[in-house]
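Residue numbers begin at 1 in each chain, while the letters A, B, ... track the order of the sequences. All values reported here derive from a predicted model rather than from experimental measurement.
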Protein chains: 2
Amino acid sequence: MARAENVPAAAVQRLSLYLRQLDFFQAHNRRTISSRQLGDPLGISDAQVRKDLAHFGQFGQAGVGYRVSELGPRLRQILGTDKTAPVVLVGFGNLGRALGAYHGFDKRGFEVAAVFDADPKKVGQSVPGIESARIRPMSDLPKVVAERDVRLGILAVPATAAQAAAETMVAAGIRGILNFAPVTLHVDADVAVASVDLAVQLEQLSFQIAGQA
Amino acid sequence: MARAENVPAAAVQRLSLYLRQLDFFQAHNRRTISSRQLGDPLGISDAQVRKDLAHFGQFGQAGVGYRVSELGPRLRQILGTDKTAPVVLVGFGNLGRALGAYHGFDKRGFEVAAVFDADPKKVGQSVPGIESARIRPMSDLPKVVAERDVRLGILAVPATAAQAAAETMVAAGIRGILNFAPVTLHVDADVAVASVDLAVQLEQLSFQIAGQA
DNA sequence: CTATGTGAACAGCTTCACAGCG
DNA sequence: CGCTGTGAAGCTGTTCACATAG
């Protein structure tokens with residue numbers, strides 16, 4: 001396989017979608033699927049599916065397609081989610097609360113290992129959805145990250161606090177940040193950042209439907 | 001100006017970022033900014049900024065740059081967020097509750113006008129964060145959409161209920177859906193869909209940091 | 001005969017570089 | 001001179017089409 005540098009980010013994004021679709025097929029006891037059958041429900045062409053997978057090796061069988069029970073685990077391995085990864089959640093406001101209780105992460109190989117907040121009034125409170133967990137102070141971050149070898153963090157603090165919180169996370173050893181604050185984070189190039197700005201998403205929709213009746 | 005078809009989706013996405021940055025500069029009483037000053041904090045090249053804006057007209061002044069107080073409103077107009085737009089929220093689970101109480105939409109020209117849920121036990125409950133609002137049954141959707149001329153909807157229901165809920169929304173008149181369920185929605189081509197799959201985002205980060213120490 | 005893997009053609013986006021304006 | 005606006009060049013990603021394998 002190739003843990004290549006030349007893989008388009010868009011291709012990796014699609015890998016996640018293939019995995020999602022694959023889980024669906026597996027749940028329906030499907031043994032094999034063709035690139036077309038895999039891509040169609042996702043709105044992705046068969047050629048695109050094959051090219052994307054080809055970046056990482058040859059998983060298919062000519063004339064047959066891909067074995068569902070093989071490709072799924074293979075994709076998880078490529079994405080690095082074949083083993084459950086602990087994730088820290090920083091910020092327990094509205095959004096943080098929802099993310100802590102969200103049960104979509106677990107199924108995909110992520111586990112919220114601990115929750116942090118800078119507000120002393122929140123520290124010590126229990127965390128709905130994560131049994132026996134309590135909100136911890138930011139100062140506990142380095143210890144938890146080191147002890148549990150945490151690589152990923154979810155950042156759900158207000159915009160004004162985001163950059164400082166991100167720096168604290170990086171200093172604690174976090175290597176990838178999923179950022180929900182509407183700001184661009186500036187961190188070392190070797191730290192991965194993915195940002196989700198909900199208002200930006202709505203603006204994209206607003207633009208797309210503008211000019212219609 | 002050109003409400004052109006040839007505008008790359010990526011360019012529109014960046015428009016949102018420019019607007020965000022512009023708001024920041026305005027808050028700091030900046031009068032004019034160059035394409036470089038606008039792009040740098042976002043990690044976007046000056047040429048890219050100019051090209052993106054050029055899709056919609058000529059807003060700059062050679063030798064000076066862009067007038068902050070002009071460009072902001074102009075971008076809002078292009079994105080269709082110059083007037084506050086009502087948005088319906090469908091699904092009041094963990095995520096829906098957070099989104100309803102999220103105060104990041106308001107500042108960007110969106111207002112959660114009403115909240116819906118299919119669960120009869122939830123219908124009638126009050127909505128924290130939106131005063132005097134109560135959760136409504138899905139059957140109220142068409143009426144509310146028509147009365148308030150709602151175009152956009154946020155979909156925050158479980159994966160298994162998402163497609164059906166989306167269809168209900170489209171039938172009620174919704175033209176754009178911000179989808180948080182981890183499934184690909186199949187709707188008419190003239191309905192815009194933006195999807196945010198939180199697990200997918202974490203997988204992207206996981207991939208990026210894989211292979212590091 | 002079906003479906004993969006892939007080089008080659010194509011398309012689209014981004015960067016470059018510069019003419020021209022204030 | 002600084003900075004925009006923009007053709008032209010360069011590059012990256014997607015689609016096409018086919019040789020090949022089962």
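- Counting to the nearest Å, the P atom of D/dG13 and the CG atom of A/Asp52 are 11 Å from each other.
- We find that NZ of A/Lys51 is positioned 12 Å from P of D/dC16, with the value rounded to whole Å.
- Using a 4.0 Å cut-off, some side-chain N or O of B/Ser35 falls inside it from OP1 or OP2 of D/dT4.
- For A/Asn6 and C/dT6, the CG to P distance is 14 Å, given to the nearest whole Å.
- Rounding to the nearest 0.5 Å places OH of A/Tyr66 at 6.5 Å from CZ of A/Arg50.
- Side-chain proximity of A/Gln48 to D/dT14, D/dC16, D/dG2: nearest is D/dT14.
- Across the protein-nucleic acid pair, B/Gln13 atom CD and C/dT14 atom P stand 11 Å apart, rounded to whole Å.
- Taking for each of A/Ser45 and B/Gly65 the nucleotide of DNA chain D with the nearest heavy atom, the 5'-most of the two is the partner of B/Gly65.
- To the nearest 0.5 Å, the span separating CZ on A/Phe105 from CD1 on A/Ile154 amounts to 4.0 Å.
- Atom CG in B/Asp46 sits roughly 10 Å away from atom P in D/dC3 (whole-Å rounding).
- Taking side-chain N and O atoms only, A/Arg50 has a distance below 4.0 Å to OP1 or OP2 of C/dT4.
- Along DNA chain C, the nucleotide closest to A/Gln58 and the one closest to A/Val64 are compared, and the more 5′ of them pairs with A/Val64.
- One interatomic measurement links the two molecules: CG of B/Leu53 to C1' of D/dG5, which rounds to 11 Å at whole-angstrom precision.
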Pair B/Leu198-A/Tyr102, side-chain contact (heavy atoms from CB on, under 4.5 Å): steps then yes or no: CA-CA 10 Å; B/Leu198 303 173; A/Tyr102 183 58; 4.1 Å; yes
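- Proximity note for A/Ala62 (side chain, C-beta onward) versus C/dT14, D/dG22, D/dG2: the nearest is D/dG22.
- In this structure, B/Val90 and B/Val157 approach most closely via the heavy-atom pair O-CG1, 3.6 Å.
- For C/dT14, the OP1/OP2 oxygens have a side-chain nitrogen or oxygen of B/Arg14 closer than 4.0 Å.
- Between the P atom of D/dT12 and the NE2 atom of A/His55 lies a distance of 12 Å, rounded to the nearest Å.
- The nearest whole Å value for the distance from the CG atom in B/Leu38 to the C1' atom in D/dG2 is 17 Å.
- A salt bridge links B/Arg76 to B/Asp23: one of the charged nitrogens lies within less than 4.0 Å of a carboxylate oxygen.
- A close approach under 4.0 Å does not occur between any side-chain nitrogen or oxygen of B/Gln61 and OP1 or OP2 of D/dC3.
- An OP1 or OP2 oxygen of D/dC3 is reached within less than 4.0 angstrom by no side-chain nitrogen or oxygen of B/Gln37.
- Contact between the side-chain N/O atoms of B/Tyr66 and the OP1/OP2 oxygens of D/dG5 is found at a separation under 4.0 Å.
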